[in-house]
Protein chains: 2
Amino acid sequence: MTDATEATDVTDVTDVTDVPDVTDVPDRLTPRAREIVAAARDLLEESGPAVLTMRTLADRLGIKAPSLYKHFPDKHAVEVELIAQMLEESAEALEAAETAEAAEAAESRTPGSLETLAEAYRVYALAHPHLYCLATERPLPRAALPPGLEDRAARPLLRACGGDLDLARATWAFAHGMVILEIHGRFPEDADLDAAWKRGLRTLHP
Amino acid sequence: MTDATEATDVTDVTDVTDVPDVTDVPDRLTPRAREIVAAARDLLEESGPAVLTMRTLADRLGIKAPSLYKHFPDKHAVEVELIAQMLEESAEALEAAETAEAAEAAESRTPGSLETLAEAYRVYALAHPHLYCLATERPLPRAALPPGLEDRAARPLLRACGGDLDLARATWAFAHGMVILEIHGRFPEDADLDAAWKRGLRTLHP
DNA sequence: GCAATTCAGCTAACGCCGTTAGCCACGACG
DNA sequence: CGTCGTGGCTAACGGCGTTAGCTGAATTGC
């Protein structure tokens with residue numbers, strides 16, 4: 001009779017009642033845990049980190065806060081999943097930009113191989129500012145992340161830098177700095193950030 | 001008998017006991033408020049933001065938490081003072097580097113005018129990582145800051161960039177990115193950050 | 001087919017957080 | 001000598017993450 005049962009109708013995805021988790025990829029999370037992470041992400045992106053509370057998260061799912069601990073050991077574990085999502089999605093965005101770039105280059109109207117990549121990075125980060133900050137403004141929980149994910153997220157930029165690690169790191173620092181300073185409103189209101197991006201990219205990758 | 005009195009010996013700048021606040025500059029803070037900020041800073045730099053609590057702060061001063069509200073309207077107001085300190089000190093560090101640079105340039109053994117500035121920025125930030133993060137990872141409370149401070153902190157870099165705003169912003173983003181990523185341990189352990197700094201600075205300012 | 005176990009919810013509560021209300025001692029000043 | 005502002009105090013509130021322990025339903029084992 002609790003309204004929790006109403007909330008579960010959101011599931012309606014897995015009506016498989018026999019196979020528990022015998023998919024090809026060993027599932028990182030149970031279906032319910034994935035629902036929780038999805039709700040956490042909605043909450044974070046809509047309202048920011050201050051609102052992402054175990055109680056509000058439970059509320060949105062129609063359950064009580066302590067029940068969340070049946071699925072995650074603590075709040076940090078939920079956040080780790082959000083960080084993993086961000087890394088994976090930004091990796092996808094960069095990989096997509098990479099192939100788009102290659103296509104354009106084939107037509108020989110090359111706009112500089114870093115430019116599309118940087119634009120993709122910026123667009124993704126600014127589209128998900130709270131998520132980007134959550135994933136970025138603390139030490140990476142490397143041990144709890146899917147193996148290889150960090151490398152995968154870094155690889156497109158490294159490739160674009162021709163394997164030059166120093167250049168790739170300098171470029172990453174520039175891009176992250178631009179994005180995070182913009183997100184936090186540290187630039188003057190009238191600053192021409194497009195111009196600053198262009199300037200930085202052009203000098204870093206002439 | 002409280003150790004709060006011991007904390008004041010850090011000040012040792014103003015032993016004037018008669019004039020309350022009739023200095024040339026209209027004092028931003030009462031002496032007691034300055035003691036509180038000093039204790040807050042010690043706490044933050046020693047133990048990080050999680051330990052900077054109204055209760056632990058009061059503890060260190062030998063008083064109870066609610067008494068702090070006789071001196072500051074809320075915790076945020078204390079943090080604003082810490083942010084102001086960081087901006088002022090980093091401005092000083094950059095200005096010092098600027099004049100040192102000028103002296104070296106006069107002897108014509110110029111190491112690139114940005115290099116000393118960047119080094120000073122990096123050294124200051126890494127010497128005060130918690131303070132740097134506090135001052136940097138949220139919107140600037142511009143309205144509550146001493147007027148002109150933000151500009152002053154930005155000016156040395158802008159001068160070194162010959163007034164080129166775009167270049168200055170790109171360089172700032174690069175430097176901030178390098179520092180903040182290093183502080184949060186986002187680079188691989190074996191990354192040669194000196195090399196990445198050199199690479200970035202050389203390409204940004206050839 | 002029934003017992004046993006696991007799962008996923010619940011309530012109550014703990015200790016921390018920032019913050020408020022209201023009390024009081026003391027020193028300065030008219 | 002009274003008055004009043006200053007700067008302490010205690011008690012308490014609501015919100016936070018989290019734990020302990022209960023319960024009913026579903027699944028599993030014999």
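Below, chain A is the first sequence line, B the second, and so on; all start at residue 1. Computed from a predicted model, the values in this text were never measured in an experiment.
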Using five base pairs at each end, measure the axis-to-axis angle across the helix from dG1(C)-dC30(D) to dG30(C)-dC1(D) and round it to 10 degrees.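 The angle, to the nearest 10 degrees, is 10°.
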
His128(A) side chain to Glu45(A) side chain, donor-acceptor N/O pair below 3.5 angstrom: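 Checked: His128(A)/Glu45(A) side chains pair up, N/O donor to acceptor below 3.5 Å.
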
So which protein nitrogen or oxygen atoms get under 3.5 Å of nucleotides 14-19 of chain D's nitrogens or oxygens?
unit_1, atom_1, unit_2, atom_2, d
dG17(D), OP1, Met54(A), N, 3.4
dG17(D), OP1, Lys75(A), NZ, 3.0
dG17(D), OP2, Met54(A), N, 2.9
dG17(D), N7, Arg55(A), NH1, 2.6
dG17(D), O6, Arg55(A), NH2, 3.0
dT18(D), OP2, Tyr69(A), OH, 2.8
dT18(D), OP2, Lys75(A), N, 2.8
dT18(D), O5', Tyr69(A), OH, 3.3

For [N], does either OP1 or OP2 sit under 4.0 Å from a side-chain N or O belonging to [X]?
X	N	result
His71(A)	dG9(C)	yes
Ser67(A)	dC10(C)	yes
Arg32(A)	dG9(C)	yes

Using modelled atom types only, decide if a donor and an acceptor are shared between the side chain of [X] and the backbone of [Y] within a distance under 3.5 Å.
X	Y	result
Arg138(A)	Leu134(A)	yes
Thr53(A)	Thr56(A)	no
Arg60(A)	Ala39(A)	no
Lys75(B)	Leu52(B)	yes
Thr171(A)	Leu167(A)	yes
Thr99(A)	Ala96(A)	yes

Would you compute the distance between atom CZ of Arg34(B) and atom CG of Leu29(B) and round it to the nearest 0.5 angstrom?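 Separation between the atoms: 6.5 Å.
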
Tell me: [atom1] of [X] to [atom2] of [N], nearest whole Å?
X	N	atom1	atom2	answer
Leu57(B)	dC16(C)	CG	P	17 Å
Lys70(A)	dA8(C)	NZ	C1'	6 Å
Asp59(A)	dC10(C)	CG	C1'	14 Å
Phe72(A)	dG9(C)	CZ	C1'	16 Å
Ile63(B)	dT6(D)	CD1	P	16 Å
Leu61(A)	dA8(C)	CG	C1'	13 Å
Leu68(A)	dT11(C)	CG	P	13 Å
Lys64(A)	dG21(D)	NZ	C1'	18 Å

Test log, rule side-chain contact (heavy atoms from CB on, under 4.5 Å), inputs Trp172(B) and Phe174(A): CA-CA 8 Å; Trp172(B) 180 31; Phe174(A) 165 72; over 6 Å; no

